[in-house]
Amino acid sequence: MTSARLLFTALFAASIIGFLAGSYRRFRLLLLGKKENRFDRPLERLRDMLVYAFGQKRVMAKPFGVNHTIIFWSFLVLLLPNGEFILQGLFPALTFQRLPIAVLQPLTLAFEAVSLLALAAVVIAAARRLFFAPAYLNASYVKARSVDAFLILGFIGILMMAYFGMHAASIAQGKEAAGWFAPVSTLLSRALAGSSSEGLETVVAVCWWIHALVLLAFMIYIPLSKHMHILAAIPNCYFKNMEPASIPPREEFVAGREFGVGRVVQFTWKDLLDGFSCTECGRCQAACPAAATGKSLNPRQIVHDMKVNLLKNGPFLHNGGAPVLPLIGDQGEGSSREDALWACTTCGACMEVCPVLIEQMPKIVKMRRNLVETHARFPEELLNLFENMEQRSNPWGIAPTERAKWCSSLAVKPFVKGETEYLFFVGCAGAFDARNKGVSVALATVLNAAGVSWGILGKDEKCCGDSLRRLGNEYVFDKAAKENVAQFNEKGVTKVITQCPHCYHTLKNDYRQYGANWEILHHSEFIARLLKEGKLKLKLKHKVSEMGRSVIHDSCYLGRHNGLYEAPREVFSAATGAMPGEMARQKEDSFCCGAGGGRMWMEECSGERINLARVKESLEGKPDTICVSCPYCLTMFEDGLKDIGADRVRVKDIAEVVAAGLGS
Amino acid sequence: MLIVACIKQVPDTTQVKIDPVTNTLVRQGIPIIVNPYDTNALEESLRLRDRFGGRVVAVSMGPPNADVTLRKALALGVNEAVLLSDRAFGGADTLATSCVLSAAIAKLAEEDELTLVVCGKQTIDGDTAQVGPGIATRMGLTQLTLVDSVENLDLKARRIRVRRKLEGRHEIVEAPLPALLTVVREINRPRYPTVPHRLDSLKAEVKVWDNKVLNLDVNTIGLKGSPTCVRRIFSPEREKGEILGDALRDPAGATGLLVEKLVQKDLLPL
Ligand code: SF4
Ligand code: SF4
């Protein structure tokens, strides 16, 4: 064995050990996490992994993502020649050169083409980071121009160049054939044409060693950097959330436990895997309404801090020791600030855009649970809310006896077991909020006009507990959920119409964890159905002129969380004869009104107010009417319009638009 | 150091109606809550204990189901909870109530040095504000009502300094211990129970003392010991209000109208 071969073998063995040791250390950290079953439905998981990881579906949702896809696929294709490179280094006889020409030539062409593409892609990526980096690439601890990023781009670039250099010199030496199948190397070999044979030998050797060293360094480096995502993101897509909504599981209220996540090991292994999968692409940061309006929350930071916390505490935790860095606290990198956790509107925009399907929002909720349940620490405005919810089952603390007052002007029937078909679950806003009572009345009118058999629970209706759950007050939510489920079952409720997307989501998705399985319909969905079935007839005459120019806003809990984008639009166009106008950010990209996740009940002290940001966006199309389908959105838009003196613009719930269309 | 917090469970009066026929409160179906002022009394007791050490015992007189109220106190972190419940205590007015509470506090003080008794300013169902002072008088404790801040507690010198919230002014009072405080809502913001505390409170013991334990003369307690009798109970009729002027557009004009009206009705001493 030559000394060079010996050296390479030794280096290779060392880097393999380095790679495995690094990966194993990370893997062991995952095992510190709590259990979570993400092993069901293997075929669907496989399909999603192909679509999202290999198909790069989300990556390519942004134009620049194509560049990443090129690098990713080049990486996969070039695993072959790099594998050959290593094998040949260890056993010189094992080389592609021994393949039959008919296979070798196309293969070489493919490798050359892909290498060239990859080289171009890393140059573009580096240029982007250097000269036209979008703001979202920069976060507190990871910058667009991070050493990490350039190191990896540099590694790839050097690998490609060394590859070409090596083959060009071999061609010049006459050891490899020139030709159409190796256009780049052939071209480069011409530049080397006049060199001496020692010179060429040196070029081959230097390029070979550069290639070898960079390749081996790359291997060791992967598990130690953000490029861990190369290994983690593919399984992360496989273990993605398969439920219709991403909701942390119920908690078991047993004495002697801690609740929620206050230490990093209280996350599940999948949460921790999310941390290693993050590519620091910053897309969630760009989509987050809190981050966009200057709050201390950045979903990417939440994931990053969780990872750093795990890495820093890991060695101590393995030995059963206590963590040295708190997960929640103002301790810089590796711990999340409390005010950041409270700034989340649970809008889900972060999860919608994450290319590797990380679930940022549920982590925030889990940490909120810890603050509320284990430490009773939360913004003081929430104290009243929590007590009102627990004592009077509504956020304002209004007497439950007042619940049916909204309909005093109408003849509304109570829900009767075995007789009434649909329960109209009015919700707290629809029952108590002055403005939203109008929406309840409008919806009641529509239901009557369509001859629907419906009724209400009246003063027996209870809050669904949405805000409680998003705010992390799982203990009180748990009681509310059990009471509601028991009441529905006892009353024989099977079909429910809700006026509020938050009730909708909670009854439909959260209560599944409590064994509920009713048909839950948001009013926009139900009205669309009535129209389709011809049960609801609208006189179109009132119409577009009355509404003026209109624009529609997607509620997060209807849209992103439940995929209902078309129903409100269909209903709107049926009622007015025209499609509503759209905002710049719509449907999946919709920007939160600022009230979800319990933010409705909290002060918004730092940065710009989220509702103002959205109101300003909505005014870009100079609308006369803003159409919403959520009581919170209604309040946030009306408040925002008042604040900027634009309250000549009306805000209407879709039910009101339809009720006006009845033309009575 | 022993701190006793007196708490009472009351119907949520925002939801109470009066039966026009029997002239009594319709309590059926009305949720029961901890008297809001008492939550502040509880909180202040806990804060003082957390600062100075000692124990907090929550005491409540009421029917057996008042157990729930005491469990809430346990969930907030009191060391012990005692329910004073006996048919013989029923129907008590403020005098008879303070008699029973005093006896219970005296009994607690046998084991530990009594430093403070803390009550809410008043209850939202009776609104008399008499029980606290009643206990202080019977037990010979310093009586400090309407406290909105405890400024100092000197356990060595056995003195306390508090601020009282009176109409339009504050009064700072220093007095010897043991003392009874009645507190106003401004004194603090009650804490929120943690789940571990809540779960512990479900298992914790609420001591129940009946008259066999307290051994009081039946003529001083319950209905028999209550000289008060209710003549009539009614919701006062409220005259319909009136909006004067447009305060938003013309505040000066609206104020003028208001002054005129007040002078007319002789409500503004000029
Ligand atoms: S759920 Fe919405 S507000 Fe919360 S972190 Fe994600 S994007 Fe930001
Ligand atoms: S969490 Fe997802 S979207 Fe956010 S930076 Fe990481 S990979 Fe990108």
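Reckoned from all heavy atoms, side chains included, excluding hydrogens, waters and symmetry mates. In what follows, chains are A, B, ... by sequence order, proteins preceding strands, each numbered from 1.
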note = Comparing B:Leu202, B:Leu199, B:Ile33 against chain A, the one with the most heavy-atom pairs below 4.5 Å turns out to be B:Leu199
query = Any ion pair linking B:Arg163 and B:Asp148 (charged N to carboxylate O, less than 4.0 Å)?
reply = yes
request  = Using a 4.5 Å cut-off on heavy atoms from C-beta on, say whether the side chain of A:Val372 contacts that of A:Leu471.
outcome  = no
inquiry  = Quick check: under 4.5 Å, non-hydrogen atoms only, which of residues 476-486 of chain A neighbour chain B?
reply    = A:Val476, A:Lys479
ask   = Tell me, side chain or backbone of A:Phe259 under 4.5 Å from chain B's heavy atoms, or both, or neither?
value = side chain
message = Please tell me whether B:Arg49 and B:Asn79 have a donor and an acceptor in their side chains that are separated by less than 3.5 angstrom.
response = yes
query = Do A:Arg470 and A:Asp510 sit within salt-bridge range, that is, some charged N less than 4.0 Å from a carboxylate O?
reply = yes
inquiry  = Using the side-chain hydrogen bond (donor to acceptor under 3.5 Å, both in side chains) definition, which of the options B:Thr69, B:Asp125, B:Thr97 pairs with B:Lys8?
reply    = B:Asp125
request  = Could you list the residues that satisfy ring-ring contact (aromatic ring centres under 6.0 Å, His included) with A:Phe637, not counting sequence neighbours?
outcome  = A:His553
remark   = Per-residue tally against chain B (heavy atom, under 4.5 Å) across A:His375, A:Glu402, A:Arg377, A:Glu380 peaks at A:Glu380
task = Kindly indicate whether the side chain of A:Met367, heavy atoms from C-beta on, has any atom under 4.5 Å from the side chain of A:Leu327.
result = yes
